[in-house]
Amino acid sequence: MADKYLQFLELPRQDPPKLPVTARVAEFREIYAPYDAPSAAQQAGRCLACGNPFCEWKCPVHNYIPSWLKLLEQGKLFEAAELSHRTNSLPEMCGRICPQDRLCEGACTLNDGLGAVTIGAIEKYITDEALKAGWRPDLRHVRATGRRVAIVGAGPAGLGCADILARHGVHAVVFDRQPRIGGLLTFGIPPFKLEKSVVETRRELMEGMGVEFRLGVEVGPDVPFAALLAEYDAVFLGMGAYRAVQGGLPGESLPGVVEALPYLVSNIRHELGLADGEPHVDLAGRRVLVLGGGDTAMDCNRTAIRQGAASVTCTYRRDEENMPGSRRDYRNSREEGVRFLFNRQPVAIEGSGRVSGVRVVETRLGAPGPKGRRVAEPIPGTETVIEADAVIVAFGFLPSPAPWFAEHGIGLEPDGRVRVLTRGARRFSTTNPKVFAGGDMVRGSDLVVTAVFEGREAAFGILDSLGLAAATRAA
Ligand code: FAD
Ligand code: SF4
């Protein structure tokens with residue numbers, strides 16, 4: 001073997017093994033097998049330990065990436081897990097589902113023809129294997145403060161907040177209207193990207209840290225928000241963004257047209273045995289058309305393929321390069337048999353009594369719009385109809401503020417996101433000084449890792465507001 005620091009020249013990037021397509025599409029299980037220990041250590045050893053690691057800057061939680069890669073290479077699995085948890089509350093989930101190509105791995109120095117270090121797969125490996133080997137967060141030094149904080153929402157933002165509070169001796173009580181924790185990690189993202197047992201393991205871990213979950217409880221109808229304000233020292237809101245963007249297309253209410261999230265959730269509840277008599281949206285044998293090009297659209301494509309759809313076609317109004325969905329999920333969709341039609345904008349959903357197709361117009365990319373992305377401009381005279389028996393609308397999500405925010409002085413931005421301070425001692429506090437917020441309800445629909453970051457930062461803001469010294473990024 002050449003010099004250690006030239007190891008990357010001899011050892012190419014090797015992703016963990018992936019199930020063959022025929023096996024993948026037959027079940028709702030994760031498609032990547034874990035590394036074995038020697039492969040994980042070797043891949044970690046490809047890191048150049050750059051002096052100023054851009055991967056850390058590009059990672060939204062600023063993970064100490066080269067340091068935990070080094071620990072793993074040296075066989076110090078528990079130390080790597082401990083260090084990984086100092087900056088990330090859900091490393092095993094981010095390792096699985098972050099769009100690494102545009103975050104940490106996109107910024108890796110080796111991502112220049114040599115193949116970026118497989119940071120995500122190694123992050124997942126560290127936590128999965130450490131937990132299997134008996135590692136648990138060491139909270140022996142933590143002293144109870146007697147303070148209590150209510151958290152509304154057990155999604156990534158709420159879990160990130162609860163993690164930091166527990167590590168500082170604050171009793172976190174997490175309310176969620178769903179029967180399980182995870183937010184969209186459980187009731188949104190399909191099991192072929194993230195198996196639900198991974199989320200359940202995290203629940204056990206957090207309960208072991210003293211976090212209390214009150215599930216199946218909707219704050220508002222079941223527990224008045226005023227009761228939380230009265231009973232707790234502070235409240236964190238991590239309630240997500242759930243208003244589906246409507247295309248405003250004629251024919252959207254025809255039978256056979258379904259919204260993306262209810263479709264995905266119906267399948268997950270069915271798989272988990274939670275459906276309890278609810279109708280299961282099963283698209284076996286159907287010609288399915290998915291409208292949209294984001295992560296949600298990719299998840300619908302691949303769910304329909306696994307349900308045994310006769311065909312799955314995905315249309316997106318911009319081109320391949322400008323499609324927002326994760327490249328990995330796009331590649332996996334194609335491998336699994338999804339057909340993509342780019343530069344197609346839906347104009348109307350057609351059918352008499354039931355959907356029979358979608359009228360689309362071809363587009364070309366024009367000048368950048370107000371958000372900096374090039375606008376898709378319809379080309380006159382290019383309309384055609386794509387036949388389909390089922391249409392899934394996946395145009396994204398908008399903020400969904402609760403009706404009780406105003407009466408409690410929780411102010412909103414003009415687009416419905418909750419307004420917070422993002423800097424300073426009281427970071428992520430809302431316009432009600434006792435209430436903090438983070439995640440999709442503050443940023444708009446985004447990523448798991450950014451929600452985790454905001455939940456953690458809000459916890460530091462809460463600690464500051466309660467006069468409790470916080471070990472920033474540590475504990
Ligand atoms: P959520 O995860 O939405 O959690 C909010 C929680 O609050 C929910 O559990 C909800 O039940 C609860 N809640 C709301 N109101 C109340 C109330 N009144 N009382 C009690 N509980 C309440 N991101 C990635 O990084 N990678 C991906 O591959 C990816 N894929 C995605 C696929 C899909 C289909 C979707 C929809 C999103 C995907 N995302 C992905 C985005 C990611 O899931 C979200 O950005 C992230 O989950 C936001 O976290 P959050 O905690 O802010 O909100
Ligand atoms: Fe990369 Fe996401 Fe892990 Fe950060 S949290 S190192 S962006 S996979």
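Keep in mind the model is a prediction, meaning the values are calculated, not measured. In each ligand, atom 1 is the first atom listed, and ligand 1 is the first ligand listed.
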Closest protein heavy atom to atom 18 (N) of ligand 1, given as residue, atom name and distance to 0.1 Å: Val219 O, 3.0 Å

Would you please indicate if the ring centroids of Phe340 and Tyr330 are separated by under 6.0 Å? yes

Does the residue Val217 have a heavy-atom contact with ligand 1, meaning some pair of atoms that are separated by less than 4.0 Å? yes

For Gln178, the atoms of ligand 1 under 4.0 Å from one of its heavy atoms are 11 (O)

Below 4.0 angstrom from a heavy atom of Ala451, which ligand 1 atoms are there? Numbered from 1 as shown, please. 48 (C), 49 (O), 52 (O)

Taking only heavy atoms of Ile65, which atoms of ligand 2 are found under 4.0 Å from at least one of them? 6 (S)

Side chain or backbone of Lys193 under 4.0 Å from ligand 1, or both, or neither, by non-hydrogen atoms? side chain

Could you find the nearest protein heavy atom to atom 44 (C) of ligand 1 and give me its residue, atom name and distance? Asp440 OD2, 3.3 Å

Where's the contact between Ala157 and ligand 1, heavy-atom distance under 4.0 Å: side chain, backbone, both or neither? both

Pair Trp68 + His85: ring centers closer than 6.0 Å: no

Give the numbers and elements of all ligand 1 atoms closer than 4.0 Å to a heavy atom of Gly183. 2 (O), 4 (O), 8 (C), 9 (O)

Starting from atom 1 (Fe) of ligand 2, locate the nearest protein heavy atom and write down its residue, its atom name and how far away it is, to 0.1 Å. Cys104 SG, 2.3 Å

Atoms of ligand 1 close to Leu264 [distance to a heavy atom under 4.0 angstrom, numbered from 1]: 34 (C)

Using a 4.0 Å heavy-atom cut-off, say whether Cys94 meets ligand 2 through its side chain, its backbone, both or neither. both

Please report which non-hydrogen protein atom sits nearest to atom 3 (Fe) of ligand 2, along with the residue it belongs to and the distance in Å to one decimal place. Glu123 OE1, 2.1 Å

protein heavy-atom neighbour closest to atom 40 (C) of ligand 1 works out as Ile189 CD1, 4.0 Å

To the nearest 0.1 Å, how far is atom 2 (Fe) of ligand 2 from its closest protein heavy atom, and which atom is that? Cys98 SG, 2.5 Å

dist His171:NE2 -> Glu212:CD (nearest 0.5 Å) comes out at 4.0 Å

Before signing off on this row, confirm whether Asp176 and ligand 1 have an N or O atom pair separated by under 3.5 Å. yes

of all protein heavy atoms, closest to atom 6 (S) of ligand 2 is Asn63 ND2, 3.4 Å

Pull out every atom of ligand 1 sitting under 4.0 Å from any heavy atom of Ile97, numbered as shown with elements. 24 (C), 25 (O), 26 (N), 27 (C), 28 (O)

Near Gly155 (heavy-atom distance under 4.0 Å), the atoms of ligand 1 are 2 (O), 4 (O), 51 (O)

Ligand 1 atoms nearer than 4.0 angstrom to some heavy atom of Gly240 are 3 (O), 5 (C), 53 (O)

Please state which option from Leu194, Asp446, Asp295, Val448 has its nearest heavy atom closest to atom 41 (C) of ligand 1. Asp446

Taking 4.0 angstrom as the limit, do Glu335 and Arg24 come out as a salt bridge? yes

Ring-face cation of Arg419 near Phe428 (centre distance under 6.0 Å, axis angle within 45°): no

Provide, to 0.1 Å, the distance between atom 21 (N) of ligand 1 and the closest protein heavy atom, together with that atom's residue and name. Arg177 N, 3.2 Å

Return the residue, atom name and 0.1 Å-rounded distance of the protein heavy atom closest to atom 1 (P) of ligand 1. Tyr242 OH, 3.6 Å

Of Ile181, Val152, Thr296, the residue with the heavy atom nearest atom 36 (C) of ligand 1 is Thr296

Whether Lys193 and Glu30 form a salt bridge (side-chain N of Lys/Arg under 4.0 Å from carboxylate O of Asp/Glu) is what I want to check. no

Do any N or O atoms from the side chain of Asp233 and from the backbone of Val149 form a donor-acceptor pair under 3.5 angstrom? no

Taking the six-membered ring of Tyr32 as reference, does the cationic atom of Arg96 (NZ for Lys, CZ for Arg) lie under 6.0 Å from its centre and within 45° of its axis? no

In ligand 1, which numbered atoms sit nearer than 4.0 Å to a non-hydrogen atom of Gly439? 52 (O)

For Leu184, is at least one N or O under 3.5 Å away from an N or O on ligand 1? yes

Counting heavy atoms only, which of Gly238, Pro60, Pro156 comes nearest to atom 49 (O) of ligand 1? Pro156

Look at atom 4 (Fe) of ligand 2 and say which protein heavy atom is nearest, naming residue and atom and giving the distance to 0.1 Å. Cys59 SG, 2.3 Å

